[in-house]
Amino acid sequence: MKKINLRHPLLLLAGLGITAATLFSCNNQSTKTEETSTTTSTTETDSNMSIQKESFGKTKDGTELQLYTLRNENGMQVKITNYGGIVTSILTPDKNGKPGDVVLGFDKGEGYTSDAYLKSGPYFGALVGRYGNRIAKGKFTLDGKEYTLAKNNGENHLHGGVKGFDKVVWQTEEVPGQQALKLTYVSKDGEEGYPGTLTTEVTYTLTPDNQLRIDYIATTDKATPINLTNHSYFNLGAGQSPDALGHVLTINADRYTVVDASLIPTGELRPVKGTVMDFMQPTAIGTRIAQVEGGGYDHNYVLNNGDGSMKLAATVYEPTSGRYMEVMTTEPGVQFYSGNFLNGSLTGKGDIAYKKHYGFCLETQHFPDSPNQAKFPSTILKPGETYHTTSVYTFGVRK
Ligand code: GLA
């Protein structure tokens with residue numbers, strides 16, 4: 001969980017036959033100064049680089065929400081709100097240099113706080129915690145004591161409970177000298193049933209190399225399960241693809257965790273080879289999706305070389321736009337979710353109705369239900385330890 005060994009992703013891209021030339025050109029980073037206003041403001045450091053902060057509406061109890069924009073000089077732009085640490089937009093050029101928004105979400109804060117959104121529960125772009133994915137029957141035993149968590153997914157606990165980290169307001173701080181935003185949230189002892197006061201810091205960094213890097217750091221005063229992730233839904237067609245089924249996906253995993261009907265792992269790690277789960281070779285998401293039980297992919301893949309070092313999790317290519325994304329992580333797993341529960345009831349940016357399979361998620365994580373699975377890598381954080389995981393999303397094009 002804590003060991004980080006960052007290799008330069010461009011080396012990896014080269015290994016995959018993608019050259020640096022296919023990424024957008026790079027430029028220098030700049031520094032920025034502290035902001036002073038709560039309305040739209042821009043902190044300039046040089047003529048080109050800035051972090052913009054603007055109002056993003058209010059929560060139902062009247063808390064002001066903000067939206068921050070990170071940019072680099074290649075035309076990439078990432079918007080993040082302090083509500084749920086949600087990434088609301090990632091703008092990145094296509095093969096013709098035309099920018100497009102490659103994640104699902106809303107232009108206004110109200111989109112994320114509306115009753116319709118909460119009922120539907122897609123977790124667009126959100127920081128998910130304390131525990132990404134499911135804990136069976138909302139129960140686990142730690143140091144001889146049984147804990148009962150909020151149940152918000154049938155009889156199971158999902159994505160941190162009724163009010164997980166995706167629905168709280170985070171404190172924000174700009175990181176000097178980088179296009180980076182640090183978000184902090186202190187989760188109280190007993191929140192959603194979890195033990196210990198947990199302090200979490202998540203830093204989003206947009207690099208000059210078109211990487212969105214997410215660092216997750218946490219400490220606790222009592223032993224607790226923790227499994228943090230980001231729940232962005234991607235569609236690299238940026239509004240030009242009817243759904244995400246034509247995206248060509250590779251997942252660096254020989255095995256996946258088999259689940260029961262309520263999507264709780266049985267404990268078995270099953271080889272993907274020769275099955276509809278196999279994405280070891282580049283394969284369009286839609287090729288075999290009709291054969292997958294449960295309406296599509298919603299599975300945790302066991303990443304190869306999942307020893308805590310930074311490694312390739314997945315690559316995705318969208319042929320029409322030429323956009324390409326690579327996901328690297330220190331985590332041992334990735335949840336590939338093909339947007340099976342989207343049903344067209346939510347309309348997002350650009351008036352697009354988000355129907356089934358319109359977007360897909362690659363949630364880097366530890367395995368679901370690990371607190372009840374002794375053979376899975378541990379997700380228990382103890383007092384005195386520091387949780388630190390990193391995931392990096394690199395964007396580029398193939399011409
Ligand atoms: C994860 C889960 C899915 C679903 C989505 C959110 O990917 O595995 O079953 O809950 O989050 O809708």
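Source: prediction; values computed, not measured. Counting starts at 1 for both ligands and their atoms, in listed order.
Arg134 pairs in a side chain to side chain donor-acceptor pair (under 3.5 Å) with only one of the listed residues (Asn300, Asn153, Asn156), which is Asn153.
A distance of 14.5 Å separates OG1 of Thr81 from NZ of Lys108, quoted to the nearest 0.5 Å.
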Fill in: Thr257 vs Glu268, side chain to side chain contact (heavy atoms under 4.5 Å, CB included): CA-CA, chis, key distance, verdict
CA-CA 6 Å; Thr257 50; Glu268 180 188 349; over 6 Å; no
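Shown here is Lys119, whose NZ atom has no more than 12 heavy atoms of other residues, nucleotides or ligands within 6.0 Å.
Tyr354 places a side-chain N or O within donor-acceptor distance of the main-chain N or O of Gly105, the cut-off being under 3.5 Å.
Judged by the 6.0 Å and 45° rule, Arg398 forms a cation-pi pair with Tyr317.
Listed as neighbours of ligand 1 are Gly121, Pro122, Tyr123, Asn133, Arg134, Leu158, His159, His231, Tyr233, Leu263, Asp298, Gln335, Tyr337, Phe341, Glu363, each bearing a heavy atom under 4.0 Å from the ligand.
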